[in-house]
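Read the numbers this way: they start at 1 and go in the same order the structure lists the ligands and their atoms. Heads up: numbering here begins at 1 and tracks the sequence.
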Amino acid sequence: MVQEFDAIIVGAGGAGLYAALEASRTARTAVVSKLYPQRSHTGAAQGGIGAALGNVEEDSPEWHAFDTVKGGDYLVDQNAAKILAEDAVRAVYDLENRGLPFSRLEDGKIAQRRFGGHTHHFGKGPVHRSCYAADRTGHMILQTLYQQCVKNDVQFFDEYQVVDLLLDGTTARGVVLFELKTGELHVFKAKAVLFATGGTGRMFKITSNALSNTGDGPAILARAGVPLEDMEFYQFHPTGILGMGILITEGVRGEGGILKNRDGERFMETYAPTMLDLAPRDMVSRAIMTEVAKGKGVRGDRKIDDYVWLDASHLGREVVEQKIPDIADFCKTYLGVDPAETPMPVQPTAHYAMGGIPTDVDGRVDTGKSVYDGLYAAGEAACVSVHGANRLGTNSLVDLIVYGRRAGRHIAEYVKNAPDVPASEKDADRARERLQRLRDRKGGRHVGPVMDRMQEVMMEKVGVYREQSEMDAAAAEIRKLREEFQEVTVQDHGAGFNAEVLQIMELENLLDLSLVTAVSAANRTESRGAHSRKDFPDRDDDNWLKHTMATLAGDTVSIDYKPVDISIWEPKPRTY
Ligand SMILES: Cc1cc2nc3c(=O)[nH]c(=O)nc-3n(C[C@H](O)[C@H](O)[C@H](O)COP(=O)(O)OP(=O)(O)OC[C@H]3O[C@@H](n4cnc5c(N)ncnc54)[C@H](O)[C@@H]3O)c2cc1C
């Protein structure tokens, strides 16, 4: 039986829940999520949400917008960044009013801390802008929004994985879902469909991202012919726990933590004399890699790679236990290290996709050439683009609630007058055949080794530093892995709770996105933000101040471009 809604929100992270909250004012809204909502990756966000409240010192949304544009190495669409920074203030107070338990200052106002790349007076020095709830900010956002959605009668379908999108030309009309419990496929029809499926970090071997961050939304849309924007820009966060990639929030440095090399030197003095450890992430990650290349890293016990120290021991036990309690727990559990006493061993970890599904400022899928009707995206899966070539810390949570809300509002209006859309059981046929082919395969390959190889290739060849031959080799290897994928065989033939089938489909999504990422990266012959090439070390505004739009068709990725909105600030070289 086809189920009918006005709006379907795919994903129950911060972006999806905020969109659902707004859409549900007028629309019969369903949220579909492969995880229970509170397990969405938003719940892992530690550091905070940036908003120029000025509670600790003078601040302004204009400075926030400027920092966002500069941090993104001028590939940011500037009007979108202006909306982000201005609306962030309202959004944080809105969350406060809905019950989010922010950490407080002595005077009762929302506490704020420093974060990388956030400055006062257009780059004069770091500013306290990140609002936080200890190091559990994302967790609190999820809890708050989920409660509000339940209150608004949003219908939740948990542990349903969307596997196909129904489109009529450029008009959305629903989705096909796989129900984990039964293994059955369902057709949900709706006038509006929003993808808020989160990140793609599982493309890489060392990552801060949850197992579920497999880029399902962008991959499903890419296969439906939607070009993906700026996929070459993938952020490596400088401070992952050695060997595991688990994130140590930038909030540690915001509270005064310092990066040191093997000789105990504060090496960021060389790379970013003003912002030091609070320079943007792309710069700090490169600084760590450069120290390591100079032989100044600390040799790791397990010889995976060299690393550096993140030292918070001088902050005192009280600060560590009150401001970063979860981090202290992670370090004790995974490393046997107490950060109040001993420095933490860290190395860069794959963290955030700046690129994704192209949208306008109302969340509508917009390729630059055409706008889709009833098709929306928000959150990390989308590219507005407010992060450009490199996202500043705390700006993803802002993005979720500012642009998740705007998309939800647009949906609430759109569905009022949108024509009814057709859908029938037959719409599941394409997904059913795909599943059947998967189940019938006899190739004998297991999903694990193909996944591992893809993650190694992307980490080694499309990582912090890049060059032509390596990226071309990565694209070739990924193409080969896509062929091997055709022989990946299901070992578990049970119908109910068959997580293996879902994992295989997730691998297919990651392989598709890896190919788009590697080809987009190989194509851009300059260095900008997180895309840093040894063979083209300089930013090249004359030729490359433009967004990449990459279309996947079978084994080929064709590249087109979209202009960048530079209507407010003229691009300048980045110094910190
Ligand atoms: C460890 C960590 C710490 C971070 N800290 C911060 C921070 O302090 N500040 C900050 O600004 N940013 C931070 N970030 C980044 C930020 O948390 C994420 O970018 C953001 O939370 C993503 O939110 P989202 O709503 O887009 O997606 P998510 O929260 O990842 O949610 C995705 C949702 O989509 C669903 N889904 C996915 N695929 C499917 C499918 N096929 N079918 C059905 N449902 C599907 C999932 O079930 C889930 O509900 C951090 C990220 C990590 C990994």
Side-chain angles (χ1 to χ4, degrees), residues 8-20 31-51 88 113 115-116 130-133 135-139 141-142 145-146 156-165 175-180 188 194-202 207-220 235 237 239-241 245-251 254 281 326-327 330 349-354 356-357 377-382 387 391-401 403-404 502 505-506 509:
I8 293 170
I9 310 292
V10 186
L17 291 180
Y18 218 125
V31 173
V32 177
S33 174
K34 67 180 179 181
L35 303 171
Y36 280 96
Q38 295 93 329
R39 300 212 174 148
S40 305
H41 192 67
T42 297
Q46 305 160 351
I49 173 165
R113 61 183 163 208
F115 241 79
S130 171
C131 312
Y132 58 94
D135 52 2
R136 304 179 187 120
T137 316
H139 174 82
I141 289 179
L142 273 187
L145 292 177
Y146 182 58
F156 280 89
F157 294 86
D158 302 336
E159 299 197 323
Y160 282 72
Q161 186 152 330
V162 169
V163 294
D164 205 3
L165 164 69
V175 290
V176 180
L177 311 89
F178 179 101
E179 184 182 359
L180 181 63
F188 281 15
L194 177 136
F195 281 86
T197 53
T200 62
R202 285 284 147 182
T207 177
S208 66
N209 278 205
L211 277 172
S212 56
N213 288 7
T214 51
D216 300 358
I220 289 169
Q235 177 173 82
H237 192 295
T239 59
I241 289 183
I246 296 170
L247 192 76
I248 298 189
T249 172
E250 197 171 286
R281 290 173 181 171
D326 277 3
I327 296 297
F330 291 161
T349 181
H351 186 59
Y352 185 85
M354 270 75 72
I357 303 163
E380 192 172 336
H387 309 304
R391 171 175 75 80
L392 291 189
T394 80
N395 268 359
S396 172
L397 294 182
V398 189
D399 183 5
L400 306 184
I401 59 171
Y403 284 102
L502 293 181
M505 287 195 277
E506 290 175 342
N509 293 339

Practice task
If a pair satisfies side-chain hydrogen bond (donor to acceptor under 3.5 Å, both in side chains) and one of its residues is in residues 32-43, list it, with sequence neighbours excluded.
Solution key: K34-T214, K34-D216, K34-E506
Completion exercise
Hits for salt bridge (charged side-chain N to carboxylate O under 4.0 Å, His left out) against R202, two or more places apart or cross-chain, chain-then-number order -> none
Practice task
Keeping the roles fixed (side chain from T394, backbone from G50), state whether a donor-acceptor pair exists under 3.5 Å.
Solution key: yes
Exercise for the section: Would you check if the distance from the ring center of Y18 to the ring center of Y403 is below 6.0 Å? Expected result: no
Exercise for the section: Determine whether the side chains of H387 and D399 contain a donor N or O and an acceptor N or O closer than 3.5 Å. Expected result: yes
Note every protein N or O atom lying under 3.5 Å from an N or O atom of ligand 1, pairing the names and giving the distance.
residue  : atom   : partner : partner atom : Å
ligand 1 : 5 (N)  : Q46     : N            : 3.4
ligand 1 : 8 (O)  : Q46     : N            : 3.4
ligand 1 : 8 (O)  : G47     : N            : 2.7
ligand 1 : 8 (O)  : G48     : N            : 3.1
ligand 1 : 9 (N)  : G48     : O            : 3.0
ligand 1 : 11 (O) : T394    : O            : 3.3
ligand 1 : 11 (O) : S396    : N            : 3.1
ligand 1 : 11 (O) : L397    : N            : 2.8
ligand 1 : 19 (O) : E380    : OE1          : 2.6
ligand 1 : 19 (O) : S396    : OG           : 2.8
ligand 1 : 21 (O) : T42     : OG1          : 2.8
ligand 1 : 23 (O) : T42     : OG1          : 3.0
ligand 1 : 25 (O) : G14     : N            : 3.2
ligand 1 : 25 (O) : A15     : N            : 3.0
ligand 1 : 26 (O) : E380    : N            : 2.9
ligand 1 : 29 (O) : H41     : N            : 3.4
ligand 1 : 29 (O) : T42     : N            : 2.8
ligand 1 : 29 (O) : T42     : OG1          : 2.5
ligand 1 : 34 (O) : A196    : O            : 3.4
ligand 1 : 38 (N) : D216    : OD2          : 3.2
ligand 1 : 41 (N) : V162    : O            : 3.2
ligand 1 : 41 (N) : D216    : OD2          : 2.8
ligand 1 : 42 (N) : V162    : N            : 2.8
ligand 1 : 44 (N) : K34     : N            : 3.0
ligand 1 : 47 (O) : S33     : OG           : 2.7
ligand 1 : 47 (O) : K34     : N            : 3.3
ligand 1 : 47 (O) : L35     : N            : 3.1
ligand 1 : 49 (O) : A12     : N            : 2.8
ligand 1 : 49 (O) : S33     : OG           : 3.1
ligand 1 : 49 (O) : S40     : OG           : 2.7

Practice task
Taking side-chain hydrogen bond (donor to acceptor under 3.5 Å, both in side chains) as the test, write out the residues that go with E250, two or more places apart.
Solution key: R281
